[in-house]
Amino acid sequence: MMSTAELHLSAHPTTMVGLKPPEVPPTAAVKFFSAGTAGCTADLVTFPLDTAKVQLQIQGEVRIPRGAGTVQYRGVLGTLSTMVRTEGPRSLYSGLAAGLQRQMSFASIRIGLYDSVKQLYTPKGAESAGLGARVLAGCTTGAVAVTCAQPTDVVKVRFQANGALPAGARRYSGTVDAYCTIAREEGVRGLWRGTLPNIARNAIINCGELVTYDLVKDALLRAQLMTDNVPCHFVVAFGAGFCATLVASPVDVVKTRYMNAGPGQYRNVLSCLLALLMQDGLAGFYKGFVPSFLRLGSWNIVMFVSYEQLQRAAVLAQS
């Protein structure tokens with residue numbers, strides 16, 4: 001992913017796992033396409049964990065009755081097994097279509113354009129991008145990606161949460177129906193519900209994810225501790241996923257609850273945050289942390305390994 005990779009390959013020879021870094025850096029178009037494809041690949045592998053995370057995050061909302069018949073989820077494996085038992089295996093992939101639509105627009109922009117935007121913030125003549133340029137690039141691509149892909153995220157969250165309701169109370173029969181129903185009942189603005197907390201979340205995630213990946217990979221290559229191959233990508237992506245989950249979990253919980261809320265349930269994002277704080281305390285901001293980390297950590301590993309290999313395959317195909 002990083003332009004420094006080629007500089008260190010010859011300095012630390014070892015058996016290469018996967019495709020070698022290309023001599024010519026991939027173009028912005030290659031990175032854009034590779035990021036979207038890698039994001040979809042990662043979603044296909046990790047989507048059940050994302051669904052479990054959403055179910056744990058919305059569990060206990062005031063509007064959902066806590067009667068004896070209410071399904072209670074406990075832990076990641078407990079949530080997954082309960083969903084399979086009560087709703088069938090297909091429930092683990094509720095909202096997958098919207099999730100893939102989201103990644104093709106979302107990952108393409110926030111990950112695929114990161115290097116290009118980073119160069120814009122880097123002073124001319126500088127040997128490499130500084131921390132400030134990397135953080136600004138992560139915030140910029142994250143914000144633009146959210147603005148473009150927000151409707152797909154709203155539908156994904158709503159459709160995942162839809163499975164927690166009794167069959168007769170479910171709001172949407174499919175992904176297309178979810179888009180149409182939200183637009184009809186809440187207006188077009190409903191499709192952009194939670195945009196501000198989502199921008200905040202993804203600015204944080206991009207900094208915790210892309211900047212961490214960028215810096216740690218660069219440091220490992222410069223110190224010649226690892227070479228630019230799959231094991232390096234795996235280790236760095238795992239660390240990036242943990243950092244991103246740690247800093248983004250509070251915003252993620254508020255975002256999920258606000259997106260899933262019905263009209264009038266919360267006045268604004270702040271009222272959603274306060275309701276969560278009053279109801280569950282500070283621990284409420286880390287609801288679903290384990291599935292969030294399992295999902296984001298594994299998502300990062302699949303995505304970054306796929307992304308690096310797809311870029312290299314595309315450059316080889318063009319040569």
Side-chain angles (χ1 to χ4, degrees), residues 1-5 18-19 21-22 24-47 50 96 98-121 129 133-150 152-153 156 198-199 201-218 228-230 232-234 236-241 243-244 248 295-318:
M1 176 180 172
M2 309 308 159
S3 58
T4 55
L19 298 172
V24 179
T27 63
V30 167
K31 291 180 179 180
F32 187 87
F33 173 78
S34 298
T37 305
C40 288
T41 302
D43 254 25
L44 284 169
V45 174
T46 65
F47 204 80
D50 188 52
L96 178 62
L100 296 179
Q101 292 163 16
R102 175 177 179 267
Q103 291 303 337
M104 281 309 298
S105 56
F106 187 68
S108 297
I109 295 171
R110 80 175 183 94
I111 298 170
L113 298 184
Y114 170 77
D115 280 340
S116 300
V117 175
K118 182 176 69 177
Q119 294 306 313
L120 294 177
Y121 288 121
R134 299 175 205 242
V135 170
L136 284 172
C139 291
T140 301
T141 58
V144 173
V146 168
T147 304
C148 296
Q150 184 69 4
T152 61
D153 203 12
K156 179 183 78 73
N198 213 11
I199 285 176
R201 170 186 180 268
N202 281 285
I204 294 169
I205 282 187
N206 255 21
C207 292
E209 189 177 85
L210 290 175
V211 176
T212 299
Y213 187 89
D214 200 355
L215 288 172
V216 175
K217 180 182 175 186
D218 193 45
D228 192 5
N229 55 15
V230 172
C232 175
H233 307 156
F234 183 96
V236 180
F238 183 86
C243 289
R295 193 262 173 179
L296 198 53
S298 57
W299 191 92
N300 268 264
I301 291 168
V302 176
M303 194 285 299
F304 277 118
V305 171
S306 301
Y307 179 46
E308 298 272 13
Q309 295 301 304
L310 283 167
Q311 287 182 90
R312 296 170 186 188
V315 172
L316 281 174
Q318 291 175 344

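Scope of the values below: all heavy atoms of this structure, side chains included, with no hydrogens, waters or symmetry mates. Just so we're clear, the structure is a prediction, and the values are computed from it rather than from any experiment.
- In this structure Ala145 satisfies the side-chain contact (heavy atoms from CB on, under 4.5 Å) test together with Phe106, Ile109, Arg110, sequence neighbours excluded.
- With sequence neighbours excluded, no residue forms a side chain to side chain donor-acceptor pair (under 3.5 Å) with Gln309.
- Residues passing the side-chain contact (heavy atoms from CB on, under 4.5 Å) test with Thr27 are Ala29, Val30, sequence neighbours excluded.
- Relative orientation of the His233 and Tyr213 rings is tilted, given thresholds of 30° and 60° on the angle between their planes.
- Take Thr140 and apply the side chain to side chain donor-acceptor pair (under 3.5 Å) test, not counting sequence neighbours, and it matches Tyr121.
- When the side chain to side chain donor-acceptor pair (under 3.5 Å) test is applied to Asn300, the partners found at least two apart in sequence or on another chain are Glu209.
- Evaluation of the side-chain contact (heavy atoms from CB on, under 4.5 Å) rule for Val315 yields Pro22, Pro26 as partners, not counting sequence neighbours.
- Counting only residues at least two apart or in different chains, salt bridge (charged side-chain N to carboxylate O under 4.0 Å, His left out) contacts with residues 37-47 comprise Asp43-Arg295.
- Scanning for ring-ring contact (aromatic ring centres under 6.0 Å, His included) contacts around Phe234 gives an empty result, with sequence neighbours left out.
- Here salt bridge (charged side-chain N to carboxylate O under 4.0 Å, His left out) pairs that include residues 296-307, with residues two or more places apart or in two chains, number zero.
- Thr212 meets the side-chain contact (heavy atoms from CB on, under 4.5 Å) test with Val216, Ala240, Cys243; sequence neighbours excluded.
- Applying the side chain to side chain donor-acceptor pair (under 3.5 Å) rule to Thr141 yields the partners Asn206; only residues at least two apart in sequence or on another chain are considered.
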